[in-house]
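Below: one structure, written as C-alpha cells.
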Amino acid sequence: MSSQELYEPYILGIFCNWCSYAGADGAGTSRMQRPANLRIVRVMCGGRIDPQFVLNAFMNGADGVMISHCHPGDCHYIEGNLKTVRKIPLLKRYIAQFGINPKRLKYIFVSASEGVVLTEIAREYSQELKEIGPNPITGGN
Amino acid sequence: MVKPKNGIKITGREPPKIGVYICWCGINIGGVVDVPKLCDYSRSLPNVVLASEYKFMCSDIGQGMIMEDIRAGKVNRVVVASCSPRMHEETFRRACEEGGLNKYLFEQANIREHCTWVTMNDIPGATRIAKDHIRMAVAKAGQLKPLEVTTVKVEPATLVVGAGIAGINAALDLANSGYKVYLVEKSPTVGGHMAQLDKTFPTMDCSSCITTPKMSEVARNPNIELMTYSEVVALDGYVGNFKARIEKYPHYIDQEACTGCGHCVDICPIECANEFELGMKPRKAIYISFPQAVPGEYTIDMNHCIRCGICKEACPTDAVHYNDISEYVDIKIGTIIIATGFDPYDAKRLEQYGFGRHKNVINALQMERLLSSYGPTEGKVKRPSDLKEPESIVWVQCVGSRDFTGRGKKYCSRVCCMYATKQARSYKEKHPNTQILIFYIDLRAFGKGYEEFYYDAAKNYGIKFIRGRVSEILEAENDNLIIRAEETMLQRPLELEVDMVVLSIGLEPREDIDDIARIFNVTATKTEDGFLMEAHPKLRPVDTLTDGVFVAGNVVGPKDIPDTVAQAKAAASSAATLMSRGEVEIIPYYAMVIDHKCAGCKSCIGLCPFNAITFNEIESIAEINDILCKGCGTCVAACPSKAIIQNHFDDVQILPMIEAAIPKKSQKEEVKVE
Amino acid sequence: MEIIKTNKITKISDDLSNLLRDAGYLELSACIQCGTCSGGCPSGRRTAYRTRSLMKKVQLGLKEEVLSDKELWFCSTCYTCYERCPRGVPVTDVIIYLRNLAVQEGYMQAPHLALCKMFYDTGHGVPINDNFSQLRKHHKLSDLPPTTHQFPKAAKEIQTLLKSTEFDKLTGVGDYEKKEDKKGG
Amino acid sequence: MASNGLKFALFLGCVIPNRYPFIERATKAVFGKFKIELIEMEGASCCPAPGVFRGFDIDTWLVVGARNITIAEELGVDIALMCNGCYGSLLEVNHTLKHDKEKKKMVNEHLAKIGREFKGTAKIRHVIDIMYHDIGPEKIRNRTKYGRKVPLNLNLAVHYGCHLVKPRDIRPWDNQVENPTFFDELVEISGCKSLNYKDKFMCCGAGGGVRGAFKELSLDYTREKLENITAAQADAIITGCPFCHLQFDLGQVEVNNIFKDKISAPFSIPVLYFTQLIGLAMGMKAEELGMIRSPDLKGVPPFTPVKPILTKIGESA
C-alpha cells in the first residue's frame with residue numbers, strides 16, 4: 001500500500017446542538033456507515049462558532065474542519081446561524097493566505113432529519129481530503 | 001459557592017480529579033470497541049484519576065457507581081463515555097447532583113451515535129474515534145465550572161393551537177384540571193376534520209354525534225377562552241413564561257348585536273365554494289361553515305365579498321361592519337400544545353388518476369361529505385357528473401402514500417385502509433346491489449377491532465378487495481371511468497368500467513407547517529416526512545425539543561382518532577405536570593460581559609436575536625440580561641475584545657477540546673501502524 | 001391434458017439482484033409487487049408479459065428463467081411503468097439492463113441480430129437502398145444522406161468503436177460473423 | 001442563410017434519411033422560414049436506438065452515442081433532432097456522461113481510438129422543444145395567422161410518442177407526463193383542433209425492438225390506437241417521430257392486412273409529421289413539404305395516402 005492510502009484524515013466537526021448534532025445522532029441511530037474520520041464538538045448554536053476554533057483546529061493538525069448548523073431560516077435561536085454564513089467566505093480566504101487549501105474547511109447545513117445527507121457528505125469529504133493530502137502546517141502525519 | 005449534599009465540599013476551584021465511566025451499552029459500544037482497553041487509555045489522560053466500565057451506565061447500578069465515587073471524594077468531575085448527550089445528559093447530571101456534585105461538572109463523550117454505530121465494521125477506526133471523543137470530553141471536563149440553576153415561576157395557563165379533536169380534548173382536560181386555557185383556531189369554527197366525517201371506524205359511531213358535544217363543551221367551559229378565526233402571530237419568552245400575540249381576524253359582524261336570524265345569508269348575491277363541503281356545495285360570501293358550527297357566528301369572507309351593501313342594509317340589528325379590522329390580544333402562558341392537524345393529500349399530483357380532470361373521480365374526504373346526512377346531498381351519494389347514485393364504486397388505496405417518487409409521501413397514512421372499508425360499508429349498507437371494489441397494495445388493519453371490521457366488510461357486506469395498485473384511470477364518453485390495474489393475485493391485467501372512483505388520499509403536513517414550526521420555535525425539529533419531530537419517538541412522544549411546547553395529533557404524523565385523542569390527553573397531562581410544579585429550572589448557558597474588557601463597540605447588540613443585550617450609556621459597556629439570553633453564543637463568537645463569556649460553552653472549554661481532538665504527532669503515528 | 005406439472009421454486013439466490021445492485025438499481029430490492037407497472041403496461045394488456053412478475057423473479061434470482069424468456073423483449077420501452085412506480089424503481093432501465101445480461105448469455109432474437117449486422121456494416125440500423133435514394137432525390141435531397149452513408153471514413157470509425165467495445169464479438173458481427181451460434185429466444 | 005442567431009446541428013438518425021426523407025425536407029423548409037440555421041452533421045450514424053442497441057450493450061450505446069454528440073461539439077452548436085428515439089438516446093447519453101465520471105472516462109478511452117473526445121458542451125434538442133421554447137407559440141401564430149386565406153380547420157389526433165416526454169427528469173416539459181398539452185398547443189396554432197381520444201398517450205408499439213422482433217405484437221398496439229383515433233373521427237394523425245410515423249403509416253397497411261378479421265373496416269387515416277402541418281398552416285406548398293408522391297417510385301412512403309388531407313384543405317395534389 002502506498003502512504004497515500006494509509007493516510008486517514010482527521011476531521012473536526014463543529015456542530016450546532018439542535019440541527020446538525022441531532023442529525024449526526026440520527027445517522028447513528030439509523031446505523032448509516034461512514035469512514036472513521038469525523039469527530040464532533042457540540043456548540044449550542046452555529047452562531048457560537050468562532051473563526052478561532054477553526055484556526056486552532058488547523059494549527060493543531062486537523063486535516064479538515066467541518067462546520068455544520070441548521071438550514072438558513074431554521075435556527076433554534078432565530079438567526080444565529082446566519083451570522084456564521086457571513087463568516088465562512090472570509091475565513092476561507094484567510095486560511096488560503098496561510099497556505100491552507102480552503103477546501104479543507106467544509107461548510108454545510110444539516111437538519112435534525114438529515115442523517116443521510118451528513119453521511120453522504122462525510123464520505124465524500126473523507127475521500128476529498130485523502131486526495132488533497134495531510135495538513136501542511138503540522139507537516140502531515 | 002455551591003452547596004453539595006452529604007457534606008462533601010466541592011467548590012469547582014479544586015484541581016480536577018476526573019472520573020471516566022465507559023458504557024458498553026450492551027453490545028452497541030462494547031461489541032465494537034474494546035471497552036477495558038479504552039479504560040486503560042483514559043487513565044493515561046491528564047487529570048483522570050479513575051476509569052470504570054459497566055454494561056449499562058444509565059442503569060441504577062451505573063449511576064450508583066458515579067454517585068459512590070463522588071461521595072467517596074475520589075472524583076470532582078465526571079465524564080461518561082456512552083450515547084449522545086441528547087439522550088442521557090440529564091440522567092447523568094441528576095446522578096452527579098445526587099452524588100453531591102454540581103451537575104454542570106459533568107461532560108458526556110458520544111461514542112455510540114457518533115462512533116460505534118457509524119463505523120461498526122472498522123474496529124481500529126471506531127477505537128480511534130472513541131479515544132478522541134473521550135480525550136475531548138476529558139479536556140473540557142477539566143475546565144468546567146459549577147453553575148447555579150435559576151428557577152422561574154410557571155404561568156398556570158396553556159395555549160392550545162388548533163381546535164380539532166386533538167386540541168379540543170387537550171383543552172378540556174387542562175381546563176377541567178383547573179388551568180386556564182386559550183384555545184386558538186384558525187378557521188371560524190372548532191371541530192377540525194373530524195367534524196367533516198360521516199362515521200368513524202371500526203365502531204361506526206356517527207362522527208358528529210361524538211364531536212359536537214365536545215365542541216359545545218369547549219365553548220361553555222369557563223376556564224377556556226375560545227378564540228376562533230384567530231392565529232398566533234408571535235411568540236416570545238421561554239418555558240413557564242411565554243408571551244403570545246393572537247390576531248383575531250374580523251368577522252365583519254358585531255357578534256353581540258347579531259341575532260343569528262340568517263336573513264343576510266338569504267339575500268347575499270355572491271356564491272362561492274364551501275370549503276367545509278370541499279367545493280361540492282356553494283356558500284354565500286356571508287356564511288356559517290355548517291349548521292353545528294361552534295361558535296355559531298356569521299362571517300363575511302372578504303376574498304369573495306363585493307361590499308354591495310345588501311346585507312348591511314337588510315340587517316335588522318345593524319350588525320354588519322365592513323370596516324372592522326383585526327384585533328390583537330396578548331396572552332401570558334406557561335405551556336403550549338400544538339395540535340394543528342394535517343392537510344389531505346392533493347390527488348392532482350398523481351395525474352394518472354385524473355382528479356380534477358375526470359368528473360367522477362373524487363377524494364375520500366369528499367366521499368365523507370357525500371355520505372354525511374348533513375352533507376351536500378343529504379347523505380345520498382350521487383356522482384358529480386349527473387347526480388346519479390352510482391351502481392359501482394372503486395376505492396383506490398395509497399393515493400399519495402407509500403410513494404418514494406417525491407410526488408407523494410413515503411409513509412403509510414395509517415387511516416386510509418380503514419376509512420375506505422368504512423365508506424364502502426356505509427354505501428353498501430344502503431345499496432346492497434351495487435358493486436364495491438377496493439384496490440389495495442397491503443390492507444393494514446392494525447388497531448383495536450380493525451381486523452374484525454375488515455373481516456366483517458368482506459363477509460357480511462360483500463365488499464371485494466382486489467390486490468393491485470391502480471395504474472391509471474381513463475374517462476369514458478358517458479363520464480364513466482375505466483380503471484386499469486393488475487389483479488396481482490391472478491397475474492391478469494384488469495380493465496373495468498365503473499360509475500365512480502374514490503381516491504383514498506393520505507394525510508400530509510399542513511401547508512403552513514413551516515410557519516407553525518417557526519412561530520413556536522420548534523423549527524429545528526421536523527422529521528424527514530415534514531411533520532413536527534417529537535423529542536423522542538418512543539419515550540417523549542408529545543414533547544418537543546423546546547421546553548414547555550408539546551404536540552398532539554396529526555401535526556406529529558398521521559394517526560387515527562383514538563391515537564390522536566390519546567396523544568391529546570398525554571400532551572395535556574405533560575403540560576399539567578410541568579405547571580403543577582409551579583416553577584421550572586432554566587438552563588444557565590447564558591452569556592456575560594466582562595465589564596473591564598468591553599470596549600463599548602456595540603457589535604454584539606445588533607447580533608442578539610433576543611434583544612437581550614443593552615448598552616449601558618453611563619458605563620459605556622454592553623450588558624446582557626441573563627433571563628432573556630437563550631445561550632446561543634453568537635455574541636461570544638463575535639466580540640472583538642473577547643469580553644463576552646458563555647457558561648458551559650466558553651472559549652476556555654471549547655478550545656482545549658479542539659486541541660485535544662487531534663492526537664499529538666506521536667499518537668497519530670501509533671494509529672498509522674494499526 | 002396434463003394434470004401433473006410443477007413449477008416449484010427450489011432455490012432462491014442473490015446472484016441476479018446483486019448484479020442489478022452493482023449496476024446501481026438498488027430500488028428494485030424495494031419493489032412491493034403492487035402491480036402499478038403491469039397494470040399500465042400496453043404490452044402486458046395483450047400478452048402474458050408481467051413486468052411485476054419479472055421484478056419478483058429478479059429479486060428471487062430466477063436468472064435462467066428471466067434471461068431466457070422471450071417476454072423480456074416484449075417491452076416497448078414506453079417508460080409508463082418507470083414514471084408511475086411508487087417505489088422509484090427505474091423499471092424500464094432495469095429491463096434494458098436485464099436485456100444486456102440476456103445478450104451476454106447468448107439470448108437474442110434473430111431479427112435483432114440482423115439489425116446488429118446492418119449497424120456494423122453501415123453505421124445505420126435502418127440503412128438506405130436504391131429505391132430510397134431515388135425518393136431522396138425526388139424530395140430534392142442528396143441521394144445519400146450526409147451520414148456514415150456519405151462518409152466511408154465515418155463508417156470505419158463506427159466499426160473501430162464496435163470492435164473496441166467488443167460489440168462485434170458480443171453479437172457475432174464483423175470478424176465474428178457466423179463463428180458463433182446464437183440461441184434464439 | 002440569414003439567421004436570427006439560432007443555429008443547430010441537425011441530427012438525422014436512420015429512419016428519416018433512409019425511409020422518410022420528406023420529414024427531413026419539411027423540417028428544413030419550415031425551420032428556414034424561421035431563419036433557424038441547420039448544419040449537417042457529417043458522418044453521423046445511428047443514434048444508436050435506445051430500445052434495441054441500448055438493450056444489447058449499454059456501454060456500446062454510450063460510446064457510439066457520444067461519438068455522434070462529439071460531431072456537434074466540434075461544430076460548437078447544440079443538436080436538433082426530429083426523432084423521439086434519437087432524442088431518448090442522445091439526451092440520456094449526454095446526461096449520463098455529463099454526470100458519471102467513470103462512464104465518461106470509459107467512453108473517452110474508446111473514442112480516443114478514433115481521435116475523438118466527449119466534452120459535454122452540447123445540448124440535445126427535439127425540434128418540438130425548439131419550436132415550443134425557442135421560437136415560441138406566439139411567433140408561430142404570427143406566421144400562420146396570415147399564411148392561408150382559409151384556416152386549415154382539421155380534426156387532428158396528436159400522437160406524442162413516449163421518449164418525447166418520458167422519463168420526465170431530464171426533459172424540458174415541466175413535469176408534463178401523464179397528460180401533456182404542449183404538442184397539442186403547437187398543433188392547434190395551425191388553426192386545427194387537437195382531439196382527445198382514448199389512450200392518447202399510449203405507445204405506438206414500434207419501440208424497444210418490439211417491431212423488429214415481434215411485429216404482430218407491435219401492430220396490435222397500433223391497431224388499438226387506430227381504433228381509438230377512428231372513434232374520435234380524426235382527419236389525420238400528427239406525429240413528432242419518424243418511427244411512430246412509420247408505425248402509423250406503413251403500420252396501417254400492415255394492420256389492415258394481418259388483423260383483417262379483428263377490425264371492422266380497413267383504416268385509412270393520413271399521417272403527417274408536425275412540421276408538415278405547421279408548414280401547411282404557414283401557407284407553404286405541399287410540394288416543398290414533401291407531401292407530393294413521386295409517380296414513378298413504388299414501395300416508398302407515404303403508404304397511407306395524405307392526399308385526402310390536401311383535397312380537404314383545397315391544396316392541389
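As the structure is a computational prediction, the values presented were derived from the model and not from experiment.
- You'll find the side chain of C:Leu135 reaches within 4.5 Å of the side chain of D:Pro301, heavy atoms only.
- In terms of heavy-atom pairs under 4.5 Å with chain D, the best-connected choice from C:Pro111, C:Gly40, C:Pro90 is C:Pro111.
- The aromatic rings of D:Phe214 and C:Phe74 lie perpendicular to each other, with more than 60° between the two planes, well past the 30° mark.
- By the 6.0 Å and 45° rule, D:Arg19 stacks over the aromatic ring of C:Phe132.
- The residues D:Lys113 and C:Glu157 are annotated as not salt-bridged, no charged nitrogen and carboxylate oxygen being separated by less than 4.0 angstrom.
- Of the atoms belonging to C:Leu141, it is side-chain heavy atoms, and not backbone ones, that fall under 4.5 Å from chain D.
- Heavy-atom pairs under 4.5 Å with chain D peak, among C:Gly123, C:Ala154, C:Ser76, at C:Ser76.
- If you tally non-hydrogen atom pairs under 4.5 Å between each of C:Pro127, C:Ala155, C:Cys116 and chain D, the highest count goes to C:Pro127.
- A salt bridge between D:Glu224 and C:Arg46 is present, with a side-chain N of the basic residue lying under 4.0 Å from a carboxylate O of the acidic one.
- Remark: side-chain polar atoms of D:Tyr221 are paired, donor with acceptor, to backbone N or O of C:Ser43 under 3.5 angstrom.
- Between C:Phe167 and D:Phe53, the ring-plane angle classifies as perpendicular under the 30° and 60° cut-offs.
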C:Gln134 vs D:Asp296, side-chain contact (heavy atoms from CB on, under 4.5 Å): CA-CA, chis, key distance, verdict: CA-CA 10 Å; C:Gln134 294 299 319; D:Asp296 317 322; over 6 Å; no
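- Within the 4.5 angstrom heavy-atom criterion, no atom of C:Ser133 approaches chain D.
- In terms of heavy-atom pairs under 4.5 angstrom with chain D, the leader among C:Gln150, C:Arg99, C:Arg136 is C:Arg136.
- Each of D:Arg25, D:Glu288, D:Glu287 was evaluated against C:His139; a single residue qualifies, D:Arg25, per the side chain to side chain donor-acceptor pair (under 3.5 Å) test.
- With hydrogens and angles ignored, the 3.5 Å screen pairs a side-chain donor or acceptor of C:His112 with a backbone N or O of D:Gly209.
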Please determine whether side-chain contact (heavy atoms from CB on, under 4.5 Å) holds for the pair C:Leu161 and D:Leu111, giving the CA-CA distance in whole Å, both sets of side-chain angles, and the decisive distance to 0.1 Å. CA-CA 7 Å; C:Leu161 291 179; D:Leu111 288 181; 4.0 Å; yes
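- Contact of D:Arg211 with chain C is not made at all, since no heavy-atom distance falls under 4.5 Å.
- Both the backbone and the side chain of C:Thr80 have a heavy atom closer than 4.5 Å to some heavy atom of chain D.
- If you check the side chains of D:His110 and C:Thr165, you find no donor sitting under 3.5 Å from an acceptor.
- Salt bridge absent: C:Lys169 and D:Asp57 never bring a charged side-chain N and a carboxylate O closer than 4.0 Å.
- Residue contact with chain D, scored on non-hydrogen atoms closer than 4.5 Å, involves the side chain of C:Phe151 exclusively.
- Using a 4.5 Å cut-off between heavy atoms, C:Leu162 touches chain D through its side chain atoms alone.
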